[in-house]
Amino acid sequence: MTVWKTSMRNFFAHKGRMALSAVAVLLSVAFVCGTLVFTDTMNTTFDKLFAATSADVTVSPKSARTDETPQNGKPESLPASVVDRVAKADGVKDAEGAVSSMAVTVVDSHNKNMGSETGAPTIAGNWTHNDLRSMEITSGHAPRGPTEVMIDADTADKHHLKIGDELRTIAVTGDIRARISGIAAFKVTNPGAAIVYLDTATAQQKLLGRPDVFTHVSVTAEPGIDDGTLKRSVATALDGSAAYKLQTQQEAADANKDSMGSFLDVMKYAMLGFAGIAFLVGIFLIVNTFSMLVAQRTREIGLMRAIGSSRKQVNRSVLLEAVLLGIVGSVLGVAAGVGLAVGLMKAMGVVGMELSTQDLTVAWTTPVIGLALGVIVTVLAAYLPARRAGKVSPMAALRDSGTPADAKSGWLRAGIGLVLTGSGAAALWATAQADKSSDGSLFLGLGVVLTLIGFIVIGPLLAGVVVRALSVVVLRLFGPVGRLAERNALRNPRRTGATGAALMIGLALVACLSVVGSSMVASATDELDKSVGADFIVQSSKGQLIVPQAAEALTTAPGIEHVTNYKVLGAKLTNPDGSTTDQHVTAADPTYPQDLRRETVAGDLPAAYGKDAMSVGDGYATAHGIKVGDTITVAFEAGATAKLKVAAITSDDTSVDQGSMYMNTATAQRYVPADKMPKNLIMFAKAQDGKEKEAYAALKSSLAQYPQYKVQNQADFKQSLKDQIGQLLNIVYGLLALAIIVAVLGVVNTLALSVVERTREIGLMRAIGLSRRQLRRMIRLESVVIALFGALLGLGLGMGWGTSAQKLLALEGLGVLEIPWPTIITVFVASAFVGLFAALVPAFRAGRMNVLNAIATDG
């Protein structure tokens with residue numbers, strides 16, 4: 001009998017037992033392939049969009065950046081005369097001046113924001129011939145004057161807009177009220193941006209503040225002229241001026257793609273990380289499956305060895321079964337991954353990011369990666385059981401099925417596990433003692449890895465201790481049935497340890513992130529209580545700058561004692577030690593020390609708001625040898641150079657404005673032109689004594705016309721912070737759910753194979769009076785205690801990780817440790833229900849066994 005035939009026979013003979021392992025492989029491969037297809041499709045969508053919207057050559061100011069909103073609310077511009085110069089270049093068919101700004105908000109007649117909720121930008125500009133590359137007017141016409149505006153079809157459909165409806169475009173230069181004169185549809189997929197078009201004169205005046213400027217020039221080539229040649233020709237026409245940036249269509253598309261690249265990469269690798277966790281959990285399921293199958297086939301393998309099969313042949317036979325399992329699971333997983341990607345695209349459509357299935361991209365590498373990962377992981381997981389099978393001697397055919405445990409290897413494993421766990425605990429302790437977050441991060445990573453591996457290795461030893469302890473509390477209440485369940489769980493500690501470890505990994509991450517998230521919220525809340533003196537905080541949830549008309553509305557609201565402006569300026573600092581650094585400097589009103597109480601290490605913080613004065617953080621001061629009274633040369637990005645005296649050094653032991661450098665807004669205004677001065681990033685307000693409620697209502701009323709901003713009192717701000725962290729954690733928990741599902745499959749598989757292994761024993765127990773109901777209860781209780789064992793290890797391990805991680809956060813000013821006991825207890829109790837659920841099918845099958853057939857079973 002050949003090895004191949006043996007493997008095929010065994011695989012199909014145990015296809016039911018292999019099914020759950022195949023599902024684990026399928027889910028893990030599906031997550032990997034789904035992630036790759038989804039992110040590749042997003043890349044394809046943006047590539048098509050950027051290629052379609054880019055001109056043959058684009059001329060823009062050298063300092064212009066596509067990935068940043070201008071701090072003064074107006075994009076960088078170039079003179080209109082550049083258009084004429086470019087138009088005269090050789091090979092130019094057409095040159096158009098264009099205006100484009102993302103520093104806008106568009107609202108309807110009910111003041112509802114028309115922008116995307118997914119973070120996609122709102123873009124306002126003028127309609128040009130270059131726009132016909134990517135869009136077509138489907139109804140109405142392009143704007144012909146200041147009272148007309150055209151909008152993209154996706155936004156119109158989403159918000160039920162039609163021709164004649166009024167829109168208000170809010171920009172730093174004022175509000176633009178106009179009625180919809182036309183609707184234009186994208187020829188390619190629009191991922192979610194809201195686009196409005198104005199006539200050229202209005203766009204120049206209202207978006208750029210001047211009638212004779214553009215943000216860029218779109219250049220179209222004559223037939224037969226390639227982009228590279230055209231670019232060189234345009235450069236010649238501009239005398240090679242260093243003031244302008246020239247990009248071909250491909251270069252412009254690549255630049256836009258690069259600005260999206262980091263976001264897509266973070267999403268891709270985060271999702272692949274969770275897929276890796278699912279694979280790790282799946283390994284335990286596969287190891288358990290093959291270990292139990294090998295143990296149940298001990299007599300069969302012994303007979304094969306007795307009739308001449310070598311160890312290598314037996315080993316290869318088991319590994320071939322693993323290859324078959326890997327191939328089947330991976331092929332199904334690749335197909336499921338494509339379906340998962342389509343599902344993700346539909347889900348993104350619901351929240352506002354449109355991705356067309358016509359752009360669905362399945363690269364040839366995706367199925368190759370899926371198949372390779374699935375097969376390799378399955379074979380690696382089956383390697384140890386295969387080696388164990390190869391060591392079965394011919395004499396095993398004369399014994400009952402199952403092989404006795406190797407006591408020596410058990411003690412060796414326990415010793416290695418204790419060393420690894422102890423080393424990991426020492427690394428976590430070192431994390432808590434670290435003085436620098438960079439050093440502590442290394443210790444934390446090492447501690448997490450070592451303790452995880454240590455708990456996995458030491459799992460059988462822990463199973464014997466923890467299961468007995470849990471049994472006293474949980475199982476002994478059920479009398480003899482509970483004792484039987486306890487003994488079954490303890491019968492094979494290695495199997496129980498591996499099954500519990502699969503659940504442990506997912507729950508450890510849940511517990512760790514819960515501790516970190518709760519500690520962040522508690523620390524930030526504590527910091528706000530101690531530091532924030534302002535009654536109200538005004539800002540945009542999307543980081544939009546506060547336009548002057550909104551800022552003016554705030555300052556005139558009744559019941560307000562003071563309003564504080566808060567601007568961030570870019571600058572190059574030359575320090576007393578001669579070093580230079582690029583820094584952000586905060587320009588605020590002198591009332592800001594009342595709004596945010598900062599501990600001063602040296603000097604007097606109010607003095608930092610005097611003429612030509614500033615403050616620095618103590619970390620920066622220490623690094624550059626700065627003391628009170630020293631002078632720092634500050635070269636503002638958009639202005640002149642100032643020599644500012646250091647009047648105060650503030651403590652960096654905070655999570656609010658850590659490391660910030662302060663100066664008076666009036667100081668910044670002396671060196672930065674008014675049209676270049678950044679707009680407020682955030683504003684603070686203090687109510688008059690006893691008028692907090694009236695002031696709160698007045699501020700909200702004053703900003704009713706500007707829905708992009710939120711007025712929050714301290715309670716609102718705390719709740720907003722809690723909600724943001726909670727939403728992030730919910731996303732992470734959702735991704736971890738896949739690993740937990742695979743772990744539950746592991747419990748189901750372990751119980752199902754355990755029932756098969758104990759068929760004769762179950763038959764004898766039924767024969768001497770154990771009822772079907774008692775039998776099913778016994779299996780359910782066994783499942784519950786295994787699930788609780790895994791949950792106890794995972795939650796304990798996760799809280800240890802989270803506590804150590806919080807010590808690193810304390811170095812960044814987040815010093816409060818909070819254990820979310822309601823979450824921990826809920827997860828622990830839910831694990832018992834997970835165990836009950838996992839036991840339903842195995843318990844049902846055990847209860848339906850024919851007693852006589854079970855007793856007659858061989859082995």
Please check if the side chain of [X] supplies one atom and the backbone of [Y] the other of a donor-acceptor pair under 3.5 Å.
{"X": "Thr361", "Y": "Asp359", "answer": "yes"}
{"X": "Gln204", "Y": "Pro211", "answer": "yes"}
{"X": "Glu148", "Y": "Arg144", "answer": "yes"}
{"X": "Asp152", "Y": "Ile195", "answer": "yes"}
{"X": "Thr229", "Y": "Ile225", "answer": "no"}
{"X": "Ser54", "Y": "Phe50", "answer": "yes"}
{"X": "Ser233", "Y": "Leu230", "answer": "no"}
{"X": "Ser139", "Y": "Gly182", "answer": "no"}
{"X": "Asp157", "Y": "Asp154", "answer": "no"}
{"X": "Gln249", "Y": "Ala51", "answer": "yes"}

Can you check whether [X] reaches [Y] side chain to side chain, under 4.5 Å on heavy atoms?
{"X": "Val342", "Y": "Val37", "result": "no"}
{"X": "Leu681", "Y": "Ile546", "result": "no"}
{"X": "Leu569", "Y": "Gln583", "result": "no"}
{"X": "Val107", "Y": "Pro707", "result": "yes"}
{"X": "Tyr197", "Y": "Thr128", "result": "no"}
{"X": "Leu360", "Y": "Val338", "result": "yes"}
{"X": "Gln669", "Y": "Met677", "result": "yes"}

What residues, two or more places apart in sequence or in another chain, satisfy salt bridge (Lys or Arg N to Asp or Glu O under 4.0 Å) together with [X]?
{"X": "Asp226", "value": "none"}
{"X": "Lys572", "value": "Asp582"}
{"X": "Lys268", "value": "none"}
{"X": "Arg670", "value": "Asp612"}

Revision key, fill the gap. Here the gap from Asp212 atom CG to Gln205 atom CD, rounded to the nearest 0.5 Å, amounts to 9.0 Å
Check your understanding: Could you give the distance from CD (Glu552) to OG (Ser702), rounded to the nearest 0.5 Å?
Key ->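 Going from the CD atom of Glu552 to the OG atom of Ser702 covers 10.5 Å.
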Revision key, fill the gap. Only residue of Val149, Ile137, Val99, Leu198 satisfying side chain to side chain contact (heavy atoms under 4.5 Å, CB included) with Trp127 is Ile137
Shortest non-hydrogen contact from [X] to [Y]?
{"X": "Val634", "Y": "Ala571", "result": "CG1-CB, 3.6 Å"}
{"X": "Val213", "Y": "Pro79", "result": "CG1-CA, 4.5 Å"}
{"X": "Ser330", "Y": "Leu371", "result": "CB-CD2, 3.6 Å"}
{"X": "Ala156", "Y": "Ile151", "result": "CB-CG2, 4.2 Å"}
{"X": "Gly370", "Y": "Cys33", "result": "CA-SG, 3.7 Å"}

Test of understanding: with side-chain contact (heavy atoms from CB on, under 4.5 Å), list the residues that count as partners of [X], not counting sequence neighbours.
{"X": "Gln250", "value": "Thr248, Asp254"}
{"X": "Ser540", "value": "Lys542, Gln544, Tyr709"}
{"X": "Ser101", "value": "Pro75, Ala103, Val104, Leu207"}

Donor-acceptor list for residues 163-172 side chains, cut-off 3.5 Å, not counting sequence neighbours:
from   : atom 1 : to     : atom 2 : distance (Å)
Asp165 : OD1    : Lys162 : NZ     : 3.4
Asp165 : OD2    : Lys162 : N      : 3.0
Arg168 : NH1    : Asp175 : OD2    : 2.9
Arg168 : NH1    : Gln705 : O      : 3.4
Arg168 : NH2    : Asn111 : OD1    : 2.7
Arg168 : NH2    : Gln705 : O      : 2.5

Would you list the atom pairs, donor with acceptor, under 3.5 Å between side chains in residues 214-221 and any protein atom, with sequence neighbours excluded?
from   : atom 1 : to     : atom 2 : distance (Å)
Thr215 : OG1    : Ala98  : O      : 3.0
Thr215 : OG1    : Ser100 : N      : 3.1

Review point. So, Glu76 and Lys62, do they make that salt bridge, N to O below 4.0 Å?
Key: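 Not counted as a salt bridge, because no side-chain N and carboxylate O are separated by less than 4.0 Å.
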Taking only residues two or more places apart in sequence, or in another chain, which ones meet [X] in a side chain to side chain donor-acceptor pair (under 3.5 Å)?
{"X": "Glu222", "answer": "none"}
{"X": "Tyr244", "answer": "none"}
{"X": "Asn730", "answer": "none"}

Check your understanding: More than 12 heavy atoms of other residues, nucleotides or ligands under 6.0 Å from NE2 of His129: is that the case?
Key ->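 Incorrect, the count does not exceed 12.
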Check your understanding: Is it the case that more than 12 heavy atoms not belonging to Lys93 sit under 6.0 Å from its NZ atom?
Key ->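 Count not over threshold, so no.
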Using only heavy-atom distances, determine whether the side chains of [X] and [Y] contain a donor-acceptor pair under 3.5 Å.
{"X": "Tyr706", "Y": "Asn113", "value": "no"}
{"X": "Tyr620", "Y": "Thr581", "value": "yes"}
{"X": "Lys643", "Y": "Thr633", "value": "yes"}

